[in-house]
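Order of the sequence lines fixes the chain letters, A, B, ..., with proteins taken first and strands second; residue numbering starts at 1 for each chain.
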Protein chains: 2
Amino acid sequence: MITERKKQVLEAVIKDYVKTAEPVGSRTVARHYMPEYSSATIRNEMSDLEEMGYLTQPHVSSGRVPNVHAYRLYVDHLINDGLINPIKDTGTEKALIARLQQMEDVVCTIAQSLSDMCRYTVAVMLPRQKNLRINSLQLMPIAPARALLVVLTDAGIIRDAVVQVSSELTADDLYGISRAMSERFSGRTLSEVQGLLQGIAIHAELEPRVMQGVGELARQMEKQASADQLRVFGSQNILFHPEFSDVEKARGFLSAVEEKQNLLKLMSRGVKQGICAYIGHENGIMELEDCSVVIASYEMGNNHRGSVAIIGPTRMPYQELLTTLSSTASILSGMLKNSLGA
Amino acid sequence: MITERKKQVLEAVIKDYVKTAEPVGSRTVARHYMPEYSSATIRNEMSDLEEMGYLTQPHVSSGRVPNVHAYRLYVDHLINDGLINPIKDTGTEKALIARLQQMEDVVCTIAQSLSDMCRYTVAVMLPRQKNLRINSLQLMPIAPARALLVVLTDAGIIRDAVVQVSSELTADDLYGISRAMSERFSGRTLSEVQGLLQGIAIHAELEPRVMQGVGELARQMEKQASADQLRVFGSQNILFHPEFSDVEKARGFLSAVEEKQNLLKLMSRGVKQGICAYIGHENGIMELEDCSVVIASYEMGNNHRGSVAIIGPTRMPYQELLTTLSSTASILSGMLKNSLGA
DNA sequence: GTTAGCACTCGAAAGGCGAGAGTGCTAACA
DNA sequence: TGTTAGCACTCTCGCCTTTCGAGTGCTAAC
């Protein structure tokens, strides 16, 4: 069994190691964290902890370094014992909400500033949107034979494209077509719209080239919305951590993060828990075996959930990051509810 | 005077050094580049070239390394003697043009793929747009008391924002307002619009909150358009070059590139020439003193010019990069003309 | 003008050495 | 029985020396 004092020692080792990135000796622990005991006592405890599989010595007679298991124990303790208290800040929210309409912008802006703030790499997953419904469509003239087609969906997603139209159409004509289209298509899902466009019947009365444009745009939107997407920010931050002072490793990290497939899988898994951490090899990505991924999920109204992650070396300040991350996730949920819902 | 043979030797040294990143010895040059001479001959030539200031020895009795002056000579030769032949490719153009309407997207997409392709860092300058004129405005309903305001300018810039409107307005009402606004504002510059909105007279008949939104958006657009902007892509690529295997240096590079002010100044200068290269300290940016910046300018129709740059270590394949870069610039000019003009 | 030959220089890699940090173990103490 | 002091031992790190090889400069011969 692991005694209370052992836990204290373990925590001390973790904290010191996170700070210094150097193996921690018994003397250090005794002096800085548990002055009521002598180094010899701590030494014995550390020896036990090593035997139990929580600490490792890089070589005999150096200090000790926490293990994946140690971090695991520590993180579980943090998460389960309610030491993660998201701070609900409302300042940023107000400042941002005015300028950001689209879900994607909101999420990316937050992620960017999170990565700037904590100097780690941040990834966000934008969940796939099943059965997006069209809210309205509008055409506006931009040049003699060209119009801008804007499509709004119920999830607040706005997409536009330039379409060719016949040159004799006036702005009013375009508006008329817009109304007719909106009437026909609003409330329909993107795939329904594509289906409808297959039927020749509709084509006749409306501009066929516009219809083609609508179909094309619908297909694009659906394609983009039907897969989970991943965005990564601040990947350069990895260079600030001494475990990546070897350029080879830094490059490995960057390419692993660029290659989004694996990360996406991990983050989809992370969506299910509220907040969780994959420590070291637990993340299952070979190039990231010396990294940890802390994931929190956020809500976006219509029953969809995305997730946001901080990625860094195994040696990271879990308590701080878990707190920051879960705050961020809750801010994000709030913003998305306010700006898109209602 | 520099003889023809000296030039050959110099070119050989440059080419070999670019390839291997190791100091080049006389034997290597003789064997691989000029087998008609012996190493001793080359040795004498190299000794002369060193005295003339084109080569440097990292230490006595190592091979020699080309200098800033050597690169300068080489690059001038390349540029002036017409060795840079832009390849006009039309494949990418067709594929991209369908999906990209906004100038910014076009430029950024091209820059991204350029950096992927050549594995260097790429920066693009988006020139400031003076006196943008409004082409048309349009409101479309998105929720009971909200509308999407879309603004088109003559430079093909599209910007949108959500504005609050009173809840009893129908889609037709919004269209009416759009028409009225378009009539009033189209052809005016952004600052004129802001000026007009100061006059109370207009407010009365149109929705005041919409007018506020227009003003706000116009201000934003003008602010964004009135300063040159810089976008950087593939900054991680620097890690592939051995001169940055020291993480300190890599970090210096990244922060210099992130801090866009200096780079922007350099690139504005580069706009004036068609294509040019700043080698080593010539770029005037302290953190980039061991880097070169190759710049080409592109045209965007309305007499505005932007520029695109490749940034990497001084040791770079200038011929290849100059060619690629100037091709890219001409493709870009072409795309912008096609998609925005007319 | 070109080349062969040779002595010389210097950096990079390999081996040796001492200092310092940290451990494990034992014995003494409360 | 748990804690502590003391001591011998181990291993890394930084520093120095040595060796090896690549490449040069110079001279003399072609």
For this session: Let me know the distance between CE of Met34(B) and P of dT3(C), rounded to the nearest Å.
Result: 11 Å
For this session: Taking Arg72(B) for its side chain and Ala277(B) for its backbone only, find out whether a donor-acceptor pair lies under 3.5 Å.
Result: yes
Seminar exercise, completed: Which of Glu51(A), Glu50(A), Glu45(A) passes salt bridge (Lys or Arg N to Asp or Glu O under 4.0 Å) with Lys6(A)? It is Glu45(A)
For this session: Using atom OH of Tyr37(B) as one end and atom P of dT2(C) as the other, report the distance to the nearest whole Å.
Result: 6 Å
For this session: Decide if atom NE2 of His69(A) counts as having more than 12 heavy atoms of other residues, nucleotides or ligands within a radius under 6.0 Å.
Result: no
For this session: Starting at atom NE2 of His59(A), determine the distance to atom C1' of dC13(D), rounded to an integer number of angstrom.
Result: 10 Å
Seminar exercise, completed: Reading nucleotides 16-30 of chain C from 5' to 3' and marking B where a protein heavy atom lies under 4.0 Å of the base, S where only the sugar-phosphate is that close, and - otherwise, the string is -----BBBBB-----
For this session: May I ask you to say what Glu36(B) touches in the nucleic acid, namely base, sugar-phosphate or nothing, with a heavy-atom cut-off under 4.0 Å?
Result: sugar-phosphate
Problem set entry | Six-ring centre of Tyr37(B), Arg5(B) cation under 6.0 angstrom, axis tolerance 45° | yes
Problem set entry | Residues Glu243(A) and Lys249(A) bridged, charged N to O under 4.0 Å | no
Problem set entry | dT2(C) phosphate, OP1 or OP2, under 4.0 Å from Thr41(B) side-chain N/O | no
Exercise. Once the angle between the rings of Tyr74(A) and Tyr318(A) is folded into 0 to 90°, is it parallel (under 30°), tilted (30 to 60°) or perpendicular (over 60°)?
Worked result: perpendicular
Exercise. dC13(D) pairs with which nucleotide, Watson-Crick or G-U wobble, both distances below 3.5 Å?
Worked result: dG18(C)
Exercise. Using purine N1 to pyrimidine N3 plus N6-O4 or O6-N4 for Watson-Crick, or N1-O2 and O6-N3 for G-U wobble, both under 3.5 Å, which nucleotide pairs with dA28(D)?
Worked result: dT3(C)
